[in-house]
Amino acid sequence: MNFSIRTENLKKSFGRVNALAGVSLDFSAGLLHGLIGSDGAGKTTTLRMLAGLLRPASGEIKYFKDGAPAPFRELRPSLAYMPQQASLYADLSVTEHLEFFRALYRLPAEVYAKRSEELLEITRLGKFRDRRAGRLSGGMYKKLGLMCALLQSPSVLLLDEPTNGVDPISRREFWEMLYALAADKILIIVSTAYMDEAERCSRVHLLDSGLLLGAGEPRAVLAGAGAATFEELFIKKGVGVK
C-alpha cells in the first residue's frame, strides 16, 4: 500500500499565537519529506494534525491510499508517530520497551521475534538489550524511540525533530537508517531545525511562523531562491537558523 497526504489551507491558533496560518502541503507517497524551520515554525503542530492528535481550526487534511481518497481510519493502523519530547520509560530496558510495544500493537510472536531482531541489528542496540532507557546516550535513546515506532512495520512514519540535541555521529547514523527505510518506499515526514538536514530529503517544506515559505525538491528550491544553502535561504528571508 502507498499512502500520501495533502493539506489545504490549514489554520491553528493557541491563544494569540498562530501556529499555522493557512498552510497547504503535498506529501507524495514513498518519499522522505522534510518539514524545515526554526522553533515555533509550526512543524510539531503540523505533524500532530497529520497523526490525528490535533484538529485544525480550519482547512482540510486529505489522505490517499494507492492514489485514491481514503478515510483516516484506513491509514491510522499503518501510521507511526515519534514525538519530539521524551516518551520512553526511564526504568524499562530496551527489551522491555519492545515487549511493551509488542503488546500495544498486538503483534504475533513470530512477527515480533523477526522484526525485533531486525531492528536491533539496524540500530546496533543488540548489545544493549538489558540497559535501561534512562541510561542510554541521547543518540541511543532516539534510536530506541525509532525502534518502538517501527515495530509495527508502518507505511507512514512521522518523526518530530528526531535528531535534535544528538551528537553529529548519531545524527549521521540516524539519517542512514532513514535512507534504508526510504528505500522500502514508505512515506516518511521528518521535521528538523537543522538546515544541513534539509538537503538530505527528497522533498522539503519550509515553514516559518506558521507560513509556508516554499516546497519542492531541495536543489530546485535553492535554485529558485538564488541560494547555495538552506541556511542562506532562510537568512535571506530574515529567519533564524541552526
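Computed from a predicted model, the values in this text were never measured in an experiment.
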Student: With the threshold set at 4.0 Å, does a side-chain nitrogen-carboxylate oxygen contact exist between E96 and R132?
Tutor: no
Student: Using a strict 4.0 Å threshold on nitrogen-to-oxygen distance, state whether E217 and R203 make a salt bridge.
Tutor: no
Student: Do the side chains of R129 and E121 get close enough for a salt bridge, i.e. N-O under 4.0 angstrom?
Tutor: no
Student: Under a 4.5 Å cut-off applied to non-hydrogen side-chain atoms, are K43 and T46 in contact?
Tutor: no
Student: Do K62 and F64 meet the cation-pi criteria used here (NZ or CZ under 6.0 Å from the six-membered ring centre, within 45° of the axis)?
Tutor: no
Student: Answer yes or no: is there a side-chain heavy-atom contact under 4.5 Å between L79 and P154?
Tutor: no
Student: Is E110 salt-bridged to K114, going by a charged N under 4.0 Å from an acidic O?
Tutor: no
Student: As a test of understanding, state which of L31, I36, L35 forms a side-chain contact (heavy atoms from CB on, under 4.5 Å) with H33.
Tutor: L31
Student: Is there a path of hydrophobic side-chain contacts, each under 4.5 Å between heavy atoms of I, L, V, M, F, W or Y residues, that connects L212 with L47?
Tutor: yes
Student: Under a 4.5 Å side-chain heavy-atom rule over Ile, Leu, Val, Met, Phe, Trp and Tyr, are L159 and L206 clustered together?
Tutor: no
Student: For the residue pair L158 and L50, establish whether any side-chain heavy-atom pair is separated by less than 4.5 Å.
Tutor: yes
Student: Are the side chain of D167 and the backbone of S170 linked by a donor-acceptor contact shorter than 3.5 Å?
Tutor: yes
Student: Spell out, as yes or no, whether a donor-acceptor pair under 3.5 Å connects the side chain of T123 to the backbone of L119.
Tutor: yes
Student: Take a 6.0 Å sphere around NZ of K185 and say whether it holds more than 12 heavy atoms from other residues, nucleotides or ligands.
Tutor: no
Student: Any side-chain heavy-atom pair from F174 and P162 closer than 4.5 angstrom?
Tutor: yes
Student: For this output row, return yes or no: ring centroids of Y105 and Y112 closer than 6.0 angstrom.
Tutor: no
Student: Measure from the side-chain N and O atoms of K65 to the backbone N and O of E74, and report whether any donor-acceptor pair falls under 3.5 Å.
Tutor: no
Student: Tell me whether L75 is reachable from L157 by hopping between hydrophobic residues (I, L, V, M, F, W, Y) whose side-chain heavy atoms are closer than 4.5 Å.
Tutor: no
Student: Decide whether I189 and M177 are clustered together by the hydrophobic rule: side chain heavy atoms of Ile, Leu, Val, Met, Phe, Trp, Tyr closer than 4.5 Å, transitively.
Tutor: no
Student: Honestly curious: do F27 and L10 fall in one hydrophobic cluster under the side-chain, below-4.5 Å linking rule?
Tutor: yes
Student: Rounded to the nearest 0.5 Å, how far does NZ of K142 lie from OG1 of T163?
Tutor: 6.5 Å
Student: Are R219 and E199 ion-paired here, with the side-chain N under 4.0 Å from a carboxylate O?
Tutor: no
Student: Between R171 and D196, is there a side-chain N and carboxylate O pair less than 4.0 Å apart?
Tutor: yes
Student: At what distance, to the nearest 0.5 angstrom, does CG of L25 lie from CD1 of I5?
Tutor: 10.0 Å
